[in-house]
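Following: one structure in structure tokens, then a few remarks.
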Amino acid sequence: MKGAQIIKTNEPLVINEVEKPKPEGNQVLVRVATTGVCHSDLHLWEGGYAGPKGVFMKVEDRGVKFPLIPGHEISGTIEEVGNGVRNFNVGDKVLVYPWLGEGKCPACLSGEQNLCDNPRTLGIYQNGGYAQYVLIPDSKFLIRLDHLEFDSASSLACSGLTAYNAVKKAKSIPGLEDRHNIVIVGAGGLGLMAVQVAKAIFKSKITIIDVNDQKLAEARKLGADNIINTKEKQDVVKEVKDLTNGFGTDVVIDFVNNNVTSVNSFNMLRKRGKLIMVGLFGGSMELNLPMIPLRGYTLTGAYTGTFQDLTELVKLASDGKVRTVLDRTFALDQVNEALHDLKNGKIIGRAIINPNQ
Ligand SMILES: [Zn+2]
Ligand SMILES: [Zn+2]
């Protein structure tokens, strides 16, 4: 089969002929229909993330080994199953839950494989979906796609899942839902998904912040109650306070989470407020420490989500309550072009690869 491999970081991916895996036991071989091209693929390709004060956090120091076939937003058709598989058949259409753990650590045992101490994520720690076929270690990581198209379903497994998990963490105390304010920072793919999820599962008032009028207009269409363009309204903390009778917001979900947005996000919280950090743009933040106890803040992060989250999200998407925004479709041998376009900001929504076309 053909697979696109990262051989060395920052060098073009190479399309190689690699051995087609043979599923055994509970394993499943999926013929890939669609793989989403994600920012995490860029970080992997570039070899890491920007940390504080110019420190570069290398993925190889966190257990990533090259050569590797990336791609963790995978949907397709079951090609072959191991002899232990009972719940799926050849020909079934599936979405893959890629955030696998080793199954033994406290995170795995509490259902949060996505935060496993020894992660085994497909497309990061083992071969993923930038290939014609991908081997899934167990059929329990598959979700049936009854009505959803492959192309729109794929990115639910990562960007959609991250937005969904972050929004779930923003839940109001029962009885106070209609007085609850959520601010979403960033109206990119995740921010727009978060607006839809929040509107579908909460009654909270949603304010979204970005620098791009086009994206903000889209957020408005999807149900955002307030939009703030920080190019026009630079004191974004004041804007949010004005919208909340001077108190600040109950929750901020920061999909950018860089040096600038994190400070603003912190400063716009109401007492008892919660800051949910999601973006991986890098950098650091100086904290006004007494504020955290005095105002009872909670600072937390959200990274992808659980298998249960993905199941719930697929249901929401199947019911038409959330939709993903797609950009261009690429063939497998255009994978470097896809990554460059994403890196250069030329992709709005999701770029996808169809490896078997
Ligand atoms: Zn684990
Ligand atoms: Zn991703």
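Both ligands and their constituent atoms are indexed starting at 1 by order of listing. Worth saying up front: this structure is predicted, and the values here are computed from it rather than measured.
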- Query: Between R272 and Y297, is NZ or CZ placed under 6.0 angstrom from the six-membered ring centre and within 45° of the ring axis?
  - Reply: no
- Query: Rounded to 10 degrees, what angle sits at the Zn ion (ligand 1) between C108 SG and C105 SG?
  - Reply: 120°
- With a cut-off of 2.8 Å, does H39 place any N/O/S atom under that distance from the Zn ion (ligand 2)? no
- Distance-only donor-acceptor check, side chains D210 and N229, under 3.5 Å: no
- Item | Lys/Arg N to Asp/Glu carboxylate O, D225 vs K199, below 4.0 Å | yes
- What angle sits at the Zn ion (ligand 2) between SG of C158 and NE2 of H72, to 10°? 120°
- Is it true that some N/O/S atom of E102, main chain or side chain, lies under 2.8 Å from the Zn ion (ligand 1)? yes
- Query: Ignoring hydrogens and geometry, is there a side-chain-to-backbone donor-acceptor pair from N127 to I69 under 3.5 Å?
  - Reply: yes
